[in-house]
Number of protein chains: 2
Amino acid sequence: MSDLATVAKRAGVSRATAARAFSQPELVRASTLARVMAAAAELSFRPNRLAQQLRTQATRIIGVLIPDLRNPVFTEQLQAMEIAARAQGYALMVTTTGYDASREAEIVEEMLCQRVDGLVLTVADAEHSELLVKLEQESVPYVLVYNQPDSESVCAVSVDNRQAMHQATQYLYSLGHRHIGMVAGPVAQSDRARLRYEGYCRAMEMCGLVRQPVIEMPHHTRARFELLAPWLEGPERLTALLCSNDLLALSVIGDLQRQGYRVPDDLSVIGFDGIELGELTYPSLCSVVQPRAAIGREAVEVLLARMRGEQPKIQRLPHQLREGESAGPLQRSDTDARRTVPVST
Amino acid sequence: MSDLATVAKRAGVSRATAARAFSQPELVRASTLARVMAAAAELSFRPNRLAQQLRTQATRIIGVLIPDLRNPVFTEQLQAMEIAARAQGYALMVTTTGYDASREAEIVEEMLCQRVDGLVLTVADAEHSELLVKLEQESVPYVLVYNQPDSESVCAVSVDNRQAMHQATQYLYSLGHRHIGMVAGPVAQSDRARLRYEGYCRAMEMCGLVRQPVIEMPHHTRARFELLAPWLEGPERLTALLCSNDLLALSVIGDLQRQGYRVPDDLSVIGFDGIELGELTYPSLCSVVQPRAAIGREAVEVLLARMRGEQPKIQRLPHQLREGESAGPLQRSDTDARRTVPVST
DNA sequence: TTGTAAGCGTTATCAA
DNA sequence: TTGATAACGCTTACAA
């Protein structure tokens, strides 16, 4: 692959002129410009971004950390970020962390070695992250996404998770439900799940209901029915479930139906995220919709602002409760909620 | 951010020695090594990969082109690729193309400017891609994934799409279905959809059945019921549908159920890809499973081999028909397949 | 075991 | 409008 020097030689100009032909063509005489471009084309010259980046001390690359790309809530955000970044001449360098704090630190380190201009992070737990204080110390520009740290000083883009789940809980209350539970993945690995649980708890108390301990699944996005089953029996059994994310909710619904429960007649289920898939299934998923695309766009904007030296505040974007077929009014029934088992076991 | 020269000075050694301390520590006396490391730590030195990459003419970065990250079939593959690449000391640089050939070319160009060591591509249409011939000419190492080009000489990792859909069609036949149709996204944008349709056609002919024209949706992963409806009426109505991918199949099933059809009793539906989500829903999705993770791993292996100068052949990985609740035996019925509409419209 | 020095492909500062 | 030249931060012969 040829370089600028070769192009310059071929065009019969100096390296400097050849370089200018690309970066500031207006400073170059038209005929010279043409010669350089012709030479470049003949040699199929391709500017070396590594050299540019090294020289200019700027990569125009944004590093992005995502817990799990298999969850649409992240890819829907990512899609928007890519468009927004590209519009400003930035490329993304994406890596998954698997909700693992040590991996987060490792990968950030690698990205800093690659000299990314800034970072967009979704970390497992923003409150207890030494990574964030390190970045602050080294004054690396970064933005948190989906995380909702307590501290006002941290730069973050999210919805109000507490308030959102509060509202979802109240919605179930308004549908007549009195026995409402919440299902989540490994809570220790997700500050969001904790905040959402807090929102649930407050709402339950405000409604004068008994809040239940969180029903914790070993996996963030996959339910295990045997952990759920105990809550579905007896006179105090749950009639509605809040899930800490949509994938988990979909999994819960699938399991319930397979066990012979009707959703929402026997059990109402609400998710969190508002992924598109939730609108395709039947029953459609009632969910707390996070504006994933807007969050992604905003994250890029905020990061670029920080990179310019501004000090943008925390961005709290509005959520929205999307009603769906998976949540309905409480059905009175004198018998056990469980019907006879159909089809498979 | 400090550089090697500063570290060297601090440690009282030359730049070369400082560099060796990192790249070939065994060549450096233990005490010197310690001094260098101490100095590096004090200065919180972070090696500049750009400089390394420029100097060594190798980035250890693999460029990856993905049609749409919101489709799990791609993220499940990507997940495996990231692990495999990382194990060999490579990072991924991922970008989405939206099934757009001009974007594919643009992005590859950018990645080559960034001097990626190789490319993993899933293109819209491998047969009619001038991009590929260009890469071949410039001898850029690349591998196709999911694409299944006719030419034996192109390096690609995929299942046998024709054969796979052939088998799925036969499976429906074996369940008693005689009126089988196929739904796909924009066929012009997907060589895979075309191959799968060919497989369907051959199977239909082999079974002595009438093959139908493809039912084409405007979006790859989202059905529109009004385009489907005409096929579900009359004495010759379809009793089974093959879909060119799982997301589309899920969307079809949701629509059907919302319109009052029972799946699989009124209509059997089979997907293609075998995404995990398909196992969570109810009914679970019958699907042609592509080994996404194995495909991802293999893609990385094959690419690395090519980069070493080897000439690996086409890799054809085995698919598998996963039975699921969405496909069942043909139900005899004298009435219209359509039941009364429940719940919502 | 360590040091010297050239070079990777740009950009940017000065002069001309 | 163009050219010479010095960085950018690292690796790697080759020499000591």
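Chain letters run A, B, ... following the sequence lines, proteins first and then strands; every chain starts at 1.
- The interatomic distance linking A:Arg35 (CZ) with D:dT1 (C1') rounds to 12 Å, in whole Å.
- Taking the charged nitrogens against the carboxylate oxygens, A:Arg306 and A:Glu301 have no contact shorter than 4.0 Å, which rules out a salt bridge.
- Which of D:dG3, C:dG3, D:dT11 sits closest to the side chain of B:Arg15 comes down to D:dT11.
- Summarising the local packing, CD of A:Glu26 is surrounded by more than 12 heavy atoms from other residues, nucleotides or ligands at distances under 6.0 Å.
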Run the side chain to side chain donor-acceptor pair (under 3.5 Å) check on B:Gln290 and B:Tyr146 step by step: do they pass?
CA-CA 9 Å; B:Gln290 303 198 68; B:Tyr146 291 127; 5.4 Å; no
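- Within 3.5 Å, a donor on the side chain of A:Arg55 pairs with an acceptor on the base of D:dA7, or the reverse.
- Per the geometry, NZ belonging to B:Lys9 stands 12 Å off P belonging to D:dG9, to the nearest Å.
- Between B:Thr56 and B:Glu26, the one whose closest nucleotide on DNA chain C sits nearer the 5' end is B:Glu26.
- Distance B:Phe22 CZ to D:dC10 P: 9 Å, rounded to the nearest Å.
- When each of A:Asn48 and B:Leu27 is assigned the nucleotide of DNA chain C with its nearest heavy atom, B:Leu27 is the one assigned upstream, toward the 5' end.
- In the set C:dG9, C:dA12, D:dT2, the nucleotide with an atom closest to the side chain of A:Thr32 is D:dT2.
- For the pair B:Arg115 CZ and C:dT10 P, the interatomic distance rounds to 7 Å; values are reported in whole Å.
- Among D:dT12, C:dT10, D:dC8, the nucleotide with an atom closest to any side-chain atom of A:Leu54 is D:dC8.
- Whole-Å rounding puts the B:Leu50 CG to D:dT11 P distance at 12 Å.
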Run the side chain to side chain donor-acceptor pair (under 3.5 Å) check on B:Thr95 and A:Glu82 step by step: do they pass?
CA-CA 8 Å; B:Thr95 310; A:Glu82 191 176 326; 4.7 Å; no
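- Residue A:Arg49 contributes atom CZ, which lies 14 Å from atom C1' of C:dT11 at whole-angstrom precision.
- Between B:Asp191 and B:Asn147, the side chains place a donor N or O and an acceptor N or O closer than 3.5 Å (distance only, hydrogens not considered).
- Closest to the side chain of A:Arg29, from the set C:dA12, D:dT2, D:dG3, is D:dT2.
- Contact of B:Arg20 with C:dG3 (side chain to base): a donor-acceptor pair of N or O atoms is detected under 3.5 Å.
- Side-chain proximity of B:Ser14 to the nucleotides D:dC10, C:dT4, D:dT2 is greatest for C:dT4.
- Among the nucleotides C:dG9, D:dC10, C:dA12, the one closest to the side chain of B:Phe45 is D:dC10.
- Neither OP1 nor OP2 of C:dG7 sits under 4.0 Å from any side-chain N or O of B:Gln57.
- The distance between atom CG of A:Leu4 and atom C1' of D:dG3, rounded to the nearest whole Å, is 14 Å.
- Per the geometry, CD belonging to A:Gln53 stands 19 Å off P belonging to C:dC8, to the nearest Å.
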